[in-house]
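In each ligand, atom 1 is the first atom listed, and ligand 1 is the first ligand listed. These figures come from a predicted structure and were not determined experimentally.
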Amino acid sequence: MEKRIYNLSAGPAILPEEVLLEAQKDLYSYKGSGMSVMEMSHRGKIFDAIIKEADADLRKLLGIDEKFSILFLQGGATLQFSMVPLNLMPPKNKADYIVTGAWAEKAVKEAKRVGAVNIAATTKSESFVRIPKQAELKLDPDASYVHFTSNNTIYGTEWRSEPEVGSVPLVCDASSDFLHKKLDMNKYGLIYAGAQKNIGPAGVTVVIVRKDLLERSSDALHTYMNYKIHADNETMYNTPTTFGIYIAGLVFKWLLNMGGLDEMYRRNVEKAKILYDAIDASGGYYKGTTVVEDRSLMNVTYVLPNEQLTEKFIKEASAKGFSGLKGHRSVGGIRASIYNAFPKKGVEDLVTFMDDFKKNN
Ligand SMILES: *Cc1c(COP(=O)(O)O)cnc(C)c1O
């Protein structure tokens, strides 16, 4: 078989090899059915079992009880920037947003079309190099919800624990660190995540929503935009992205087989430490771009002494099989995305490459 590269892309991103091989085995004829998952009815018995298992496995992984509905939607996290305010802002029509990066800004832009947005905190003036402290949050106790972005894919910062928001429902864009660790679901009103960073192919968006919040969804909303309709129809109001849900389901099983999210988190902490330790031990040759206490376990951002070296680094890394290291165009430098599926061996090999590059340059 052809050799795989070390894929450090921010998204769409690496998937577990075991998942790809299993999907490959079943691609032509899914478990003796004579057809691919892509070719079968979403209302047939086989796909019904696939989506029910995906729902059950996700509940097991995160400890999600019957108070929540799980939806597998389309439109990416970007559509959720609109669906969240359209469904949850009424009747008060005001919400708090904590702005920690470009994705949060995009969420704000859509929310403003629906109602009043209070920026509870922003670190924009510091180029988003950190997460605001609890004491900095100017929360409105009467807000419809508080929105935050758990991991800032572009800047490489991540919340260590959720902001404390009292009894106001907490809404999270978890697109780039979903399922990287166990969460206390009691803290959340709604979590959404595009699949393509950490749990599957582009096209599926997971929405976990507390059922009592569905009462806010107005009948006046366009049908696809209405959470309650998707929940009442168990994601089957229209044709969902069947193949994407199937792959996400395989990723959920991969996580369960590994020992669940506590084990996944242990591995993520271990992997990130190897890389951050190498950056910190480089005597300033490599410099992390964020404050140390808010460093992301998923997207490791750093810079080299200058542009020429950065370009050379990316080129030589690419020749050695490390792909996707170029930082986001708005930040520059290097971004190594080491999501759940990225192997520890890959991080160790990257660190060896970084040490060699430093010696030679
Ligand atoms: C990638 C990303 C998005 C955008 O997702 P789309 O699926 O392209 O809409 C939103 N939020 C975060 C945190 C992301 O990393």
Side-chain angles (χ1 to χ4, degrees), residues 7-15 71-86 95 97-111 113 117 122-124 127-132 145-160 162-163 170-181 183 188 190-208 224-225 240-241 243-245 247-248 251 268 272 289-290 294-301 324 326-331 335-342:
N7 180 2
L8 294 132
S9 166
I14 187 169
L15 284 166
L71 314 174
F72 296 99
L73 302 182
Q74 304 181 47
T78 299
L79 186 62
Q80 295 312 306
F81 296 163
S82 300
M83 284 180 78
V84 164
L86 283 168
Y97 278 71
I98 305 172
V99 177
T100 51
W103 294 117
E105 287 183 316
K106 289 187 171 164
V108 166
K109 183 175 169 206
E110 303 308 323
R113 300 181 203 270
V117 170
T122 174
T123 49
K124 189 180 175 71
S127 306
F128 297 124
V129 296
R130 68 178 187 93
I131 299 291
Y145 60 85
V146 180
H147 181 283
F148 82 113
T149 313
S150 52
N151 182 69
N152 299 285
T153 328
I154 295 173
Y155 306 92
T157 61
E158 189 173 27
W159 292 74
R160 288 279 91 81
E162 297 83 353
L170 184 63
V171 173
C172 179
D173 174 1
S175 291
S176 53
D177 67 354
F178 189 56
L179 301 187
H180 90 292
K181 72 171 180 187
L183 299 173
Y188 290 91
L190 186 149
I191 299 174
Y192 63 92
Q196 72 270 24
K197 310 273 165 59
N198 218 12
I199 60 159
V204 198
T205 309
V206 175
V207 177
I208 305 166
Y224 195 88
M225 304 304 275
T241 171
F243 194 76
I245 293 167
I247 298 289
V251 171
N268 282 328
T289 56
T290 75
D294 297 331
R295 283 173 165 177
S296 169
L297 299 182
M298 301 279 102
N299 310 99
V300 177
T301 51
K326 196 169 171 22
H328 190 271
R329 59 191 184 279
S330 64
V331 178
R335 171 173 53 177
S337 298
I338 49 172
Y339 297 119
N340 284 354
F342 194 83

Ligand 1 polar-atom proximity to protein (N/O, under 3.5 Å):
from: ligand 1; atom 1: 7 (O); to: A77; atom 2: N; distance (Å): 3.4
from: ligand 1; atom 1: 7 (O); to: Q196; atom 2: NE2; distance (Å): 2.9
from: ligand 1; atom 1: 9 (O); to: A77; atom 2: N; distance (Å): 3.2
from: ligand 1; atom 1: 9 (O); to: T78; atom 2: N; distance (Å): 2.9
from: ligand 1; atom 1: 9 (O); to: T78; atom 2: OG1; distance (Å): 2.5
from: ligand 1; atom 1: 11 (N); to: D173; atom 2: OD2; distance (Å): 2.6
from: ligand 1; atom 1: 15 (O); to: T153; atom 2: OG1; distance (Å): 2.5
from: ligand 1; atom 1: 15 (O); to: K197; atom 2: NZ; distance (Å): 2.6

Got a sec, which residues hit ring pair (Phe, Tyr, Trp, His ring centres under 6.0 Å) with W159, two or more places apart in sequence or on another chain?
F148
Ring pair (Phe, Tyr, Trp, His ring centres under 6.0 Å) involving Y145 - partner list, sequence neighbours excluded
Y97
Just jot down the side chain to side chain contact (heavy atoms under 4.5 Å, CB included) partners of A104, sequence neighbours excluded, or say none.
V99, T149
Do Y339 and D177 have side-chain N/O donor and acceptor atoms under 3.5 Å apart?
no
Residues, nucleotides or ligands: over 12 heavy atoms within 6.0 Å of K181 NZ
yes
Between the side chain of N151 and the main-chain N/O of M298, is any donor-acceptor distance below 3.5 Å?
no
